[in-house]
Amino acid sequence: FFSLWYNIFGDSMHLESEIFDLVNNNIKDIEVRINDGKRRKLKIGDIITFKNRGNDDTIDVKIINLEYFSSFNECINNYDLKRLYNDKITKEEFLNLLYKFYTKDDEKEYGVVAIIFKKV
């Protein structure tokens, strides 16, 4: 049952409204997540549905690359912040934001994945 549930519901991710808008407007094209069991199943070419936490809007994106890092800091240092969040935030502020969603223990255990995508 779990694998069936994953196949039906597993390829969606929730985004805050502000972030959803950045994706929708083709500004943000990288999503950074802990590389946990769900993310380890992702493959280049997969379609992910981003769901807006503020309403029922969705956006489908296609994974064009997956890049792996040992930490959020290492990941952030490899990209322009505009592609990850926006260019009005510092790296330190972005790190603090990520740690509101993920623990440092999770980061250490699973590592980090940068999901590079384009809207479809």
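Scope of the values below: all heavy atoms of this structure, side chains included, with no hydrogens, waters or symmetry mates.
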Are any of the side-chain heavy atoms of [X] and [Y] separated by less than 4.5 Å?
X      : Y     : value
Asp46  : Lys41 : no
Phe50  : Asp57 : no
Tyr79  : Glu67 : yes
Tyr102 : Arg33 : yes

N/O donor-acceptor pair under 3.5 Å between [X] side chain and [Y] backbone:
X     : Y     : value
Lys28 : Leu84 : yes
Arg40 : Asn35 : yes
Glu74 : Ser70 : yes
Asn52 : Gly54 : yes

Kindly list each side-chain donor-acceptor pair under 3.5 angstrom involving residues 110-120, sequence neighbours excluded, with atom names and distances?
residue: Lys119; atom: NZ; partner: Asn24; partner atom: O; Å: 2.7
residue: Lys119; atom: NZ; partner: Asn24; partner atom: OD1; Å: 3.2

For the atom pair [atom1] ([X]) and [atom2] ([Y]), what is the distance rounded to the nearest 0.5 Å?
X     : Y     : atom1 : atom2 : answer
Lys91 : Ile76 : NZ    : CD1   : 8.0 Å
Asn86 : Ile27 : CG    : CD1   : 9.0 Å
Tyr85 : Leu97 : OH    : CG    : 5.0 Å
Asp21 : Leu15 : CG    : CG    : 10.0 Å
Ile48 : Thr58 : CD1   : OG1   : 13.0 Å
Lys51 : Ile59 : NZ    : CD1   : 13.0 Å

Exercise. Are Asp36 and Arg39 close enough, and set up right, to give a salt bridge (charged side-chain N to carboxylate O under 4.0 Å, His left out), and what steps lead you there?
Worked result: CA-CA 5 Å; Asp36 59 9; Arg39 258 53 83 175; 3.3 Å; yes

For this session: Please lay out, stage by stage, how Tyr99 and Phe72 fare under the test ring pair (Phe, Tyr, Trp, His ring centres under 6.0 Å).
Result: CA-CA 9 Å; Tyr99 289 129; Phe72 286 122; 5.8 Å; yes

